[in-house]
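What follows is a short report on a single structure.
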Amino acid sequence: MTSVCTGSFLLHAAGIARGRRLTTHWSCIDELRNRGDGDVREHVRFVVDGNVVTAAGVSAGIDMSLWVLGQLHDPAFAREVQHYIEYAPAPPYAFEA
């Protein structure tokens, strides 16, 4: 089961992510933590906990998807897909935390 961004709230509400490590968009970390019954991680692109994988945001969701492809097939295949979709992150502005 995977989710991107605030989709982790849906997994939590459905009971799928309760008691697991998970993440969500940085702006919603505290709200997800306040729901309890989960180990909410921040400052990570995606989190794997068994068969539940949650991604922090849209581009992190691409990272997660490529990782899943690497698990389902192999890393070489995931690299081919990454090349095909021209996903080579090089943002024009540096992020400052």
Side-chain angles (χ1 to χ4, degrees):
M1 182 70 59
T2 63
S3 74
V4 176
C5 199
T6 56
S8 57
F9 285 88
L10 297 174
L11 295 183
H12 187 270
I16 296 166
R18 291 192 180 171
R20 295 185 181 255
R21 292 182 311 275
L22 65 157
T23 195
T24 189
H25 190 268
W26 62 266
S27 68
C28 300
I29 290 285
D30 289 337
E31 183 180 346
L32 188 56
R33 276 195 181 125
N34 290 338
R35 293 186 182 212
D37 197 20
D39 180 4
V40 181
R41 305 290 174 97
E42 59 184 311
H43 307 296
V44 293
R45 304 286 289 161
F46 62 93
V47 174
V48 179
D49 189 340
N51 65 348
V52 175
V53 187
T54 54
V58 174
S59 63
I62 297 171
D63 295 349
M64 175 194 69
S65 298
L66 292 169
W67 179 83
V68 168
L69 281 175
Q71 297 298 301
L72 294 174
H73 298 281
D74 59 60
F77 179 74
R79 285 187 203 97
E80 287 178 30
V81 171
Q82 180 178 351
H83 176 71
Y84 185 79
I85 65 173
E86 294 192 32
Y87 182 63
Y93 303 103
F95 173 74
E96 295 181 24

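Computed from a predicted structure; not experimentally measured. Every heavy atom of this structure was used, including side-chain atoms; hydrogens, water molecules and symmetry mates were not.
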Q: Measure the spacing between SG of Cys28 and CZ of Arg35 and express it to the nearest 0.5 Å.
A: 9.5 Å

Q | Residue from Val48, Ile16, Leu32 passing side chain to side chain contact (heavy atoms under 4.5 Å, CB included) with Leu22 | A | Leu32

Q) When rounded to the nearest 0.5 angstrom, what distance separates CD in Glu42 from NE2 in His25? A) 13.0 Å

Q) Is a side-chain donor or acceptor of Arg18 paired with a backbone partner of Asp37 at a separation under 3.5 angstrom? A) no

**Q.** pair Thr23-Ile29: side-chain heavy atoms closer than 4.5 Å
**A.** yes

**Q.** Min side-chain heavy-atom separation Val81-Leu66 under 4.5 Å
**A.** yes

(Q) Please say yes or no: joined through hydrophobic side-chain contacts below 4.5 Å, possibly via intermediate residues, are Trp26 and Ile62 part of one cluster? (A) no

Q | Separation between CG of Asp63 and CZ of Phe46, rounded to the nearest 0.5 Å | A | 6.5 Å

Q.
Within the structure provided, determine whether Glu80 and Tyr84 are in side-chain contact (heavy-atom separation under 4.5 Å).
A. no

Q. Which distance, rounded to the nearest 0.5 Å, do you find between the OG of Ser8 and the CD of Glu31?
A. 9.5 Å

**Q.** Close side-chain approach of Asp39 to Asp49, heavy-atom, < 4.5 Å
**A.** no

Q) Which pair of heavy atoms, one from Gly70 and one from Ala78, lies closest together, and at what distance? A) N-CB, 3.7 Å

Q: May I ask you to test the Arg45-Ser59 pair for a side-chain heavy-atom distance under 4.5 Å?
A: yes

Q. With no hydrogens and no angle check, is any side-chain donor or acceptor of His12 less than 3.5 Å from a backbone partner on Gly36?
A. yes

Q) Would Leu69 end up clustered with Tyr87 when hydrophobic side chains under 4.5 Å apart are linked, directly or stepwise? A) yes

Q.
Grouping I, L, V, M, F, W and Y whenever their side-chain heavy atoms are under 4.5 Å apart, do Val52 and Met64 come out in a common cluster?
A. no

Q. Would a hydrophobic clustering, with Ile, Leu, Val, Met, Phe, Trp and Tyr connected at side-chain separations under 4.5 Å, put Val4 with Val53?
A. yes

Q. Linking I/L/V/M/F/W/Y whenever their side-chain heavy atoms sit closer than 4.5 Å, directly or via other members, would Trp67 and Ile85 fall into one cluster?
A. no

